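Bear in mind that the values here come from a model prediction, so they are computed numbers and not experimental data.
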Amino acid sequence: MDIISQLQEQVNTIAAITFNTFGTLQRDAPPVRLSPNYPEPPAVPADNTVNVAEQPKVLSAALVKAAKQFDTLVAALPVSEGDEETQLKQIAELEAENEAVGQELQRQLEAAEQELKQVQELFNKVTDNCLNLKKPD
């Protein structure tokens, strides 16, 4: 897998961890009274023994680990060479090379099509001669 695909995969991982972190914290957070004007929130059932104090630590550790892996991948990216003008010149050279190779491939394709046409004509003559039991011309 190339480095760009790995970066994209790591971004997806970070997004999933973040989504799960927020969802878990929202789901498992104990009810809190926001104002004295509101009634007291219902008590949390005793059988639900989720350690709310430890969850943020575990989830944030996973998020930090994923972010560090992302930073490692970014550090592995190749360093750009030269300024913008040099890069544009290199792009122009590569485009010219690509055009030359494309033209050569087009010539080879046309030659191959011509050869295929000749082979098909010869095959048709051979099959006609075999079917008609004629002697070749």
Fill in the blank from the handout: In short, salt bridge (Lys or Arg N to Asp or Glu O under 4.0 Å) pairs touching residues 51-60 with sequence neighbours left out are Glu54-Lys57
Fill in the blank from the handout: So salt bridge (Lys or Arg N to Asp or Glu O under 4.0 Å) across residues 82-103, not counting sequence neighbours, yields none
Exercise for the section: Taking the side chain as every heavy atom from C-beta outward, state whether Thr21 and Ile17 have any pair of such atoms under 4.5 Å apart. Expected result: yes
Handout entry: side chain to side chain contact (heavy atoms under 4.5 Å, CB included) assessment of Gln6 paired with Asp2
Key = CA-CA 6 Å; Gln6 290 176 5; Asp2 69 332; over 6 Å; no
Quick check: is [Y] connected to [X] through a chain of hydrophobic side chains (ILVMFWY, heavy atoms under 4.5 Å apart)?
X     : Y     : result
Val11 : Ile4  : yes
Phe70 : Leu77 : yes
Phe22 : Leu63 : no

Handout entry: Smallest separation among heavy atoms of Ala76 and Ile3, with atom names
Key = CB-CD1, 3.7 Å
Practice task
Let me see the working for Leu7 and Val74 under side chain to side chain contact (heavy atoms under 4.5 Å, CB included), right down to the final yes or no.
Solution key: CA-CA 8 Å; Leu7 282 169; Val74 168; 3.8 Å; yes
What's the separation between atom [atom1] in [X] and atom [atom2] in [Y], rounded to the nearest 0.5 Å?
X      : Y      : atom1 : atom2 : result
Leu109 : Leu105 : CG    : CG    : 8.5 Å
Thr127 : Leu122 : OG1   : CG    : 10.5 Å
Asn124 : Glu121 : CG    : CD    : 8.0 Å
Asn98  : Ile91  : CG    : CD1   : 12.5 Å
Glu110 : Gln108 : CD    : CD    : 11.0 Å
Gln55  : Leu25  : CD    : CG    : 6.5 Å

Handout entry: Ion pair check, Arg107 and Glu104, cut-off under 4.0 Å
Key = yes
Practice task
Check the surroundings of atom CD in Gln87: do more than 12 heavy atoms from other residues, nucleotides or ligands lie under 6.0 Å from it?
Solution key: yes
Problem - Any donor-acceptor pair under 3.5 Å from Gln10 side chain to Gln69 backbone - result: no
Practice task
Without swapping roles, check the side chain of Asn129 against the backbone of Lys125 for a donor-acceptor pair under 3.5 Å.
Solution key: yes
